[in-house]
Amino acid sequence: MFIAQELRKKNIAEYLLYMWQIEDTIRAYGCSLTRIRREYIARFDYDDEQLEDETDWFGNLIRMMNEEGCREKGHLQINRVTMQALTDLHSQLLSSTKFPFYNAEYYKVLPFIVELRNRGANKEENEIETCFNSLYGVMMLRLQKKEITPNTQHAVKEITTLVGMLSDYYKKDKEEGLKFEDN
């Protein structure tokens with residue numbers, strides 16, 4: 001909860017990837033709050049109040065996962081809403097002439113997106129979701145200490161740049177509001 005709160009303020013992309021990891025962590029512990037508290041939360045240096053807050057947060061996430069039918073796979077509605085907000089912003093940035101650097105980076109990344117979608121199981125997912133799925137997949141490979149090919153490293157570097165720009169624009173839009181009109 002504490003990490004999620006900080007990431008949500010600083011970097012929406014890192015927040016979303018973190019929340020996907022939390023969903024997988026909950027699944028890894030069999031959606032058992034008792035196990036999560038004993039085997040996961042207990043590893044952190046929390047005082048009693050923080051421990052209770054973190055436990056409540058995980059309990060709420062577990063409840064939502066059960067209610068929303070994503071105990072086995074899929075993402076929580078709160079995470080899908082965030083993804084949709086990023087997708088909508090991506091579309092707005094591309095349709096405006098006021099963001100040429102974002103457009104240029106997008107067209108640099110587009111061949112990687114096309115290749116990833118052609119290889120992936122879900123050809124219907126949007127481009128931003130494809131980017132996030134690739135970043136998450138590589139993050140999981142790194143955690144498992146598996147080899148990442150130079151081609152994949154290059155693609156991820158470009159995708160990271162695009163997603164980073166999108167995240168920065170998201171933050172700027174939330175704080176100041178972006179102007180998409182060309183007048």
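In this text, all values refer to a predicted model and were calculated from it rather than measured experimentally.
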Taking side chain as C-beta onward, heavy atoms only, is [X] less than 4.5 Å from [Y]?
X	Y	value
E127	L110	yes
Q21	L143	yes
V138	R142	yes
I12	K171	no
L116	I159	yes
E129	Q84	no
L93	L178	yes
L61	I78	yes

| field | CA sep, side-chain torsions, deciding dist, call: R80, Q77, side chain to side chain donor-acceptor pair (under 3.5 Å) | value | CA-CA 5 Å; R80 291 194 312 265; Q77 180 66 23; 2.4 Å; yes
| said: Parallel, tilted or perpendicular, judged at 30° and 60°: which one describes the rings of F58 and Y40? | reply: perpendicular
| request: Name the orientation class of the two ring planes belonging to Y46 and F44 (parallel below 30°, tilted from 30 to 60°, perpendicular beyond 60°). | output: parallel
| query | Just wondering, are more than 12 heavy atoms of other shown residues or ligands nearer than 6.0 Å to CD in Q153? | reply | yes
| Take atom CD in E175; do more than 12 heavy atoms of anything else shown fall under 6.0 Å from it? | yes
[X] and [Y]: which non-hydrogen atoms are nearest, and at how many Å?
X	Y	value
F180	S96	O-OG, 2.9 Å
C131	L162	SG-CD2, 4.3 Å
N11	S167	OD1-OG, 2.9 Å
Y170	A85	CE1-CB, 4.1 Å

For the pair [X] (side chain) and [Y] (backbone), establish whether a donor and an acceptor sit closer than 3.5 Å, ignoring hydrogens and angles.
X	Y	answer
S32	Y29	no
N103	F99	yes
Q50	D47	yes

With a 4.0 Å cut-off, would you call [X] and [Y] a salt bridge?
X	Y	value
D24	R27	yes
K73	E23	no
E115	R119	yes

| said: Set out, in order, the CA-CA distance, both residues' side-chain angles and the distance that settles side chain to side chain donor-acceptor pair (under 3.5 Å) for D88 and Q92, then state yes or no. | reply: CA-CA 6 Å; D88 292 346; Q92 289 177 296; over 6 Å; no
| Sequence neighbours excluded - ring-ring contact (aromatic ring centres under 6.0 Å, His included) pairs with any residue from residues 74-96 |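 Output for this query lists W20-H75, H90-Y102, H90-Y106.
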